Amino acid sequence: MFSLCYLPTAGRLTITIIKARNLKAMDITGASDPYVKVSLMCDGRRLKKRKTSTKRNTLNPVYNEAIVFDVPPENIDQIYLSVAVMDYDRVGHNEIIGVCQVGNEAERLGRDHWSEMLSYPRKPIAHWHSLVEQGLQKCTQAAREYIQDFQEFSKNISVMLGRCQTYTSEYKSAVRNLALRVERAQREIDYLEYLREAEVCTESEDKVLAEKQVQEAEEEKRIRTLLNASCDNMLMGIKSLKIVKKTMDTDGSWMKDAVRDSPKVYLLIGSRNNTVWEFASIRAFMEDSTKPGPRKLILTHSWQGTGQVIYKGFLFFHSQGTPNEIIKYNLQKRTVEDRMLLLGGAGRALAYPHSPSTYIDLAVDEHGLWAIHSGPSIHGHLVLTKIEPDTLGVEHSWDTPCRSQDAEASFLLCGVLYVVYSSGGLSPHRITCVYDPLGTVIEENLPNVFFPRRSRSHSMIHYNPRDKQLYAWNDGNQIIYKLQTKRKQPLQ
C-alpha cells in the first residue's frame, strides 16, 4: 500500500510507502528482508531513484516513509513511477520480489490511482497494489503492444477493402462524365477570370488594408488599457548622487520592496548566489554596527545576473542554470511560489554586454512587473515584456528599437523604458535610447541625460516607484540617484 500526493504550485510529487503484506519468501528461513525502491521514469529511462529502509526477517513490513520528487506541472503527464519491492542480501545481488507501476500509461489500478491523484491535488490518495514478477510484467506489456498494433492494422485493412469494393464501379462512370464537365468548365473559368481579374485584385488589397487597420486600432486600445495608470511623469535629468554603502563585491543588487510601505532593505551579493541579507532599515544598512544585525535568508534556488526585484513581498529572479526560467519566491515562507518560462528568445544572449552575467533583467514601475532581455535577431535589440505578477502570465511584449550593444543597464519609469549606455572606462554613462509603448515620450523631446562619471559600468540600475529614486550598484558602491521629472504630454 502506498499513497500519492502532488502539489502543482511547488512542483512536488510525494509517494508515501505505507506497508506490504504476504510478500514472497526469498530466503531459506521462509522470510525476506524487504525494502522498496521507487524510480521516476520517462519514456523508459530512469531519471531519479529513491529507496526506503530495509525491514529484517518479515513478509509483512510496515514503512510509513515518504519519498519526494521535483516534477514541474508541464512534465507531470510525461512521467510515471516504477515501484519495486526488493529483498536485501548481504552476499550477492539483491533480488526483485515484485514490481508495479503508476502513471497515465500504467495498467488499470496504476492508471486510476494516478488520475485520482491529479484530480485531487494536495490530497494524499492511498491504494493497495498487487505486485507482479519483473519477467511477467515485461511479457504482459509486450503482448499488449502486439495486440494493439494488430487490431489497428486489421481495422485499417478492413476499411480500405470496403472502400475499394464500394467505389470501383462508381469511379468508372464518374471519370467519363468528369472529363466532359472539366473541359466545359475550364472554358467558362478562363472567361470569368479574364473579366474579374482587375476587380478581384482591387478588392483583395482593400480588404487586407482594412483588416490591418482594425487590428492596429484594437492593439493600440489594448495597450492603452494595459498601461492606464495614474502616472504621467517623464525623466528629465539626474539631480544628485548619494553613495549609501560600499562593499568589496563588483557585482550585486540592492533594493526595497517596490510597492509595500516597508523600511526593509535587501542586499544580494554577486551575480550567482542564493543568500539574501535583510536589513531593518536604510540606517541599519548604512551602519554595520547597528543592532540587531541583518537577517540571513538562504534561498532554495540560486539566482543568475543582477536583475532581481522585490514586489509585494516576493523576490523575482532569473534561476541559475536555466536559460529563461523566472522564479517567484516567497521571502516570508522561504518557498517557491511560482515559476514561468520567458519566451521570445530570452536567455540566448546577454541583455547588457557591460553586465556579463545578466541575461534577463527584471524591473518594476508604477504599472507593475517587467522583463528586459535581448531579442532573438542578430541585431540584438532589447525586448520589453509586461508580466502579470500574480499569475506570472505574459500580458504583452514589444520589440524595442534600443540596441543591446554597449548597454550597461535599463529601468522603467511610468511605463517608459530608459536604456543607459557606456563605451567603457571613464566614458560618460548616459541615456541614449528611450522607448514608450504609448508613443507619448520620444528621444527628441528629452535632454541629454548623463549620470555622474564613474570608473566602471553599473552592475544594476532599478527604479523604485514608491520613493521615486534609482537604486544602483557600481564597482561595489550602493548608490541612490535622485531624479528630475516633468509631466508627459497627454494622449491624443
Side-chain angles (χ1 to χ4, degrees), residues 8-11 70-75 219 222-223 226-227 253 255 258 268 271-274 299-312 314-330 335-353 355-365 367-404 407-412 415-419 435 437 459-463:
T9 55
D70 289 329
V71 181
E74 60 269 21
N75 297 334
E219 183 70 7
R222 196 171 77 85
I223 293 174
L226 180 65
L227 302 182
S253 61
M255 66 206 72
L268 290 76
S271 58
R272 290 179 175 85
N273 204 339
N274 69 334
L299 309 183
T300 57
H301 293 66
S302 297
W303 68 74
Q304 176 170 323
T306 56
Q308 307 85 14
V309 296
I310 293 181
Y311 186 74
K312 295 183 179 179
F314 295 97
L315 174 65
F316 295 83
F317 61 90
H318 178 197
S319 179
Q320 181 183 348
T322 68
N324 59 345
E325 183 180 60
I326 296 176
I327 288 181
K328 177 182 179 181
Y329 195 87
N330 191 319
T335 57
V336 174
E337 188 78 12
D338 203 350
R339 62 184 77 200
M340 70 172 291
L341 296 179
L342 187 62
L343 304 180
R348 298 181 186 177
L350 290 169
Y352 316 119
S355 185
S357 298
T358 302
Y359 288 82
I360 300 175
D361 189 16
L362 299 171
V364 174
D365 72 347
H367 295 291
L369 181 63
W370 303 79
I372 305 104
H373 63 87
S374 181
S377 67
I378 60 175
H379 302 292
H381 287 80
L382 294 177
V383 176
L384 177 64
T385 301
K386 183 73 172 62
I387 299 175
E388 209 294 314
D390 295 329
T391 63
L392 290 189
V394 173
E395 296 183 289
H396 201 281
S397 286
W398 296 268
D399 294 323
T400 76
C402 300
R403 54 184 172 80
S404 174
E408 61 176 283
S410 68
F411 59 92
L412 282 109
V416 179
L417 176 68
Y418 299 86
V419 186
Y435 178 72
S459 173
M460 54 81 69
I461 301 176
H462 283 166
Y463 173 69

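The chain is numbered in sequence order, starting from 1. Please read these numbers as outputs of a predicted model, since none were measured by experiment.
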Measure the spacing between CG of L392 and CD1 of I327 and express it to the nearest 0.5 Å. 10.5 Å
CZ on F314 to CG on N330, rounded to 0.5 Å: 4.5 Å
Of the non-hydrogen atoms in G375 and V383, which two are nearest, and what is the gap between them? CA-CG2, 3.5 Å
Under 4.5 Å between any side-chain heavy atoms of L384 and L412, yes or no? yes
Tell me every residue that passes side chain to side chain donor-acceptor pair (under 3.5 Å) with Y463, counting only those two or more places apart in sequence or in another chain. E366
Give a yes or no answer on whether the side chain of T322 reaches the backbone of S319 with a donor-acceptor pair at less than 3.5 Å. yes
Given side chains that start at C-beta, do those of Y418 and I461 come closer than 4.5 Å, heavy atoms only? no
So, H462 side chain and L362 main chain: donor-acceptor pair closer than 3.5 Å or not? yes
Hey, what's the ring geometry for Y359 with H318, parallel, tilted or perpendicular (30° and 60° as the breaks)? perpendicular
Is there a side-chain contact between V419 and Y435 (heavy atoms, below 4.5 Å)? no
Just wondering, do S459 and S253 contact through their side chains at under 4.5 Å, heavy atoms? no
Do you know the tightest heavy-atom contact between I360 and A371? CG2-CB, 4.5 Å
Any chance you could measure Q320, atom CD, to S357, atom OG, to the nearest 0.5 Å? 9.5 Å
May I ask you to test the I387-M340 pair for a side-chain heavy-atom distance under 4.5 Å? yes
Looking only at heavy atoms, the pair that brings V394 and S397 closest together is CG1-OG, 4.0 Å
Using every non-hydrogen atom in the two residues, find where N274 and H301 come nearest and quote the distance to one decimal. CB-O, 3.7 Å
When you measure from the side chain of N324 to the backbone of L341, do you find a donor-acceptor pair of N or O atoms at a distance under 3.5 Å? no
Whether T400 side chain and L382 backbone form a donor-acceptor pair below 3.5 Å: yes
Can you tell me how far apart CD (Q308) and CG (L315) are? Round to the nearest 0.5 Å. 6.5 Å
If I compare all heavy atoms of T391 with all of D338, which pair ends up nearest, and what's the gap? O-OD2, 3.9 Å
Give me the atom names and distance for the closest heavy-atom approach of G380 to S374. CA-OG, 3.9 Å
Taking the side chain from K312 and the backbone from P389, do they hold a donor-acceptor pair closer than 3.5 Å? no
F317 and W303 aromatic ring geometry - parallel, tilted or perpendicular at 30°/60° bounds: perpendicular
Taking side chain as C-beta onward, heavy atoms only, is V309 less than 4.5 Å from W370? no
Counterpart residues, salt bridge (charged side-chain N to carboxylate O under 4.0 Å, His left out), relative to E337 (two or more places apart): none
Point-to-point distance, once rounded to the nearest 0.5 Å, from NE2 of H373 to OH of Y352: 10.5 Å
Sub-3.5 Å donor-acceptor pair from the side chain of D365 to the main-chain atoms of G415, do we have one? yes
Here the gap from L417 atom CG to F411 atom CZ, rounded to the nearest 0.5 Å, amounts to 9.0 Å
Keeping T358 on the side-chain end and T306 on the backbone end, is there a donor-acceptor pair under 3.5 Å? yes
